[in-house]
Each structure stands twice: as structure tokens, then as C-alpha cells.
Amino acid sequence: MDAGAVCERLPVMRNELPLTVIGNLVDDPELRFTSAGVAVARFTVASTPRTFDRDTGAWRDGEPTFLDCSCWRQLAENVAGSLSKGSRVVVAGRLRTDRWENAEGEKRSRMVLDADDVGASMTFATVTITRTARPVPPRETAPDDPWATASPVRPTAPVGGADADIPAQEPPF
């Protein structure tokens with residue numbers, strides 16, 4: 001998938017800070033459900049820079065950065081069911097500041113990455129993709145809608161109309 005496809009799919013809002021982080025999960029993702037039954041998963045990614053030391057001829061690990069992440073709904077359930085502590089991941093989302101006041105009245109804050117997409121890194125591992133089944137609600141279409149999806153009741157029309165020399169009609173939009 002190219003970057004253009006990702007940009008088209010993800011909503012871009014003004015004043016948001018998009019961010020992609022590559023690192024390892026510090027613990028297993030924690031899956032919870034809101035009172036409305038919406039799934040939310042929280043996890044922490046540790047990203048450690050590596051630099052090559054020319055004097056010693058060896059790679060050195062730098063100071064790790066720990067970033068709290070959260071994701072919602074089906075993504076949350078997939079993350080919790082697929083990933084575990086130590087998994088190398090690629091997380092793309094929007095950085096935000098979470099603010100609160102503790103029991104002593106002190107103001108606190110932390111940076112959180114609201115994940116739009118989470119993937120397993122294949123740099124040091126292989127991955128098997130398993131699609132999750134999503135229930136699709138039935139859609140009602142008008143019986144005379146020429147642009148509706150084909151169904152057993154109404155088959156698709158030939159591309160060129162009844163006669164192959166006649167071009168297909170263009171949609172009205």
C-alpha cells in the first residue's frame with residue numbers, strides 16, 4: 001500500500017498531529033469495553049533508536065521512548081486478539097494530550113497516540129493474515145435503481161448494453 005492510499009483512507013483534520021511509530025509492545029494489550037459496549041484497547045510501544053558506533057564498530061541502543069496508544073472498536077478487538085508483549089508493531093495515528101487532575105488536585109498530562117491502524121512489523125517476523133468476519137446489514141435498494149449491486153433477483157446488465165456496439169450508460173453523477 002502506498003502512502004497516497006493511506007492518506008485517502010484516513011481522515012485528515014486540521015491541527016492534528018499525525019504520527020507513525022515502530023517499536024515493541026511493553027505488555028499485552030489491555031482490552032476493555034465502555035458502558036455502551038464499545039471495545040477499546042490500550043497498549044504501550046517502546047521505540048529504541050540504534051546508532052552505529054564507528055569507534056567500536058558495533059551498534060548501540062539509545063534511550064527508549066515509551067508511547068501510550070489506544071484504539072477502538074474492531075481494531076481494538078483485533079489488536080488484543082493478535083498481539084502480545086514483545087510484538088514488533090507499526091502504529092499510525094494521531095497524537096493527542098490526555099489531561100486530568102489526580103486525587104491531590106495536581107494537574108497531570110501524558111501524550112497518547114490514538115491509533116487509526118496497527119500492523120505487525122515483518123522486519124524480524126512473518127505474519128499470517130486472517131480476515132475477521134463483519135456482519136453486513138442488509139441494504140434496501142429501489143427495484144428500478146440501475147446502479148444497484150447485482151442480486152439473484154436482478155442480474156447485472158451487459159457492459160455494452162443489449163448491443164456490444166452501444167456504449168454503456170454513464171452514471172448520472
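Not measured: the values here are computed from a predicted model. Atom set for the values below is all heavy atoms of this structure, side chains included, hydrogens, waters and symmetry mates excluded.
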Nearest 0.5 Å please: distance from the [atom1] atom of [X] over to the [atom2] atom of [Y].
X: Lys107; Y: Asn102; atom1: NZ; atom2: CG; value: 11.5 Å
X: Asp114; Y: Cys69; atom1: CG; atom2: SG; value: 9.0 Å
X: Arg50; Y: Arg60; atom1: CZ; atom2: CZ; value: 11.0 Å
X: Asp53; Y: Trp59; atom1: CG; atom2: CH2; value: 11.0 Å
X: Arg99; Y: Arg108; atom1: CZ; atom2: CZ; value: 14.5 Å

Under 4.5 Å between side-chain heavy atoms, hopping through other hydrophobics if needed: is there a path connecting Leu75 to Val90?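 Shared cluster, no.
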Treating Ile, Leu, Val, Met, Phe, Trp and Tyr as nodes and any side-chain heavy-atom pair under 4.5 angstrom as an edge, say whether Leu95 and Phe66 lie in one connected cluster.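 Result: no, two separate clusters.
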Whether over 12 other heavy atoms sit under 6.0 Å from [X] [atom1]:
X: Arg54; atom1: CZ; answer: no
X: Arg42; atom1: CZ; answer: no
X: Arg32; atom1: CZ; answer: no

Just list the side-chain donor-acceptor pairs under 3.5 Å for residues 17-27, sequence neighbours left out, or say none.
none

Would you say that Phe43 contacts Leu83 through its side chain, given a criterion of any heavy-atom pair below 4.5 Å between the two side chains?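 Of all side-chain heavy-atom pairs linking Leu83 with Phe43, none is under 4.5 Å.
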Flag the pair Met111 / Thr97 as yes when at least one side-chain heavy-atom distance between them is below 4.5 Å, and no otherwise.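 Yes, close enough: below the 4.5 Å cut-off.
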Contacts table for residues 118-131: side-chain donor-acceptor under 3.5 angstrom, sequence neighbours left out:
unit_1, atom_1, unit_2, atom_2, d
Ser121, OG, Thr123, N, 3.4
Ser121, OG, Thr123, OG1, 3.2

May I ask you to list the residues sharing a hydrophobic cluster with Phe33, side-chain cutoff 4.5 Å, ordered by chain and number?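 Phe33 shares its hydrophobic cluster with Leu31.
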Check which hydrophobic residues are tied to Val38 through side-chain heavy-atom contacts below 4.5 Å, counting indirect links as well, and list them.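 Grouped by the 4.5 Å side-chain rule, Val40, Trp72 form the rest of the cluster around Val38.
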By ring pair (Phe, Tyr, Trp, His ring centres under 6.0 Å), which residues pair with Trp100, not counting sequence neighbours?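 Here no residue qualifies.
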For residues [X] and [Y], report the shortest heavy-atom separation together with the two atoms involved.
X: Pro64; Y: Thr48; answer: CB-OG1, 3.4 Å
X: Pro29; Y: Ala80; answer: CB-CA, 4.1 Å
X: Ala76; Y: Ala41; answer: CB-N, 3.4 Å

With sequence neighbours left out, which residue pairs that include part of residues 66-83 fulfil the salt bridge (charged side-chain N to carboxylate O under 4.0 Å, His left out) condition?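 Sorted result for residues 66-83: Asp68-Arg110.
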Short side-chain donor-acceptor distance under 3.5 Å, Ser84 and Asp28: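 No.
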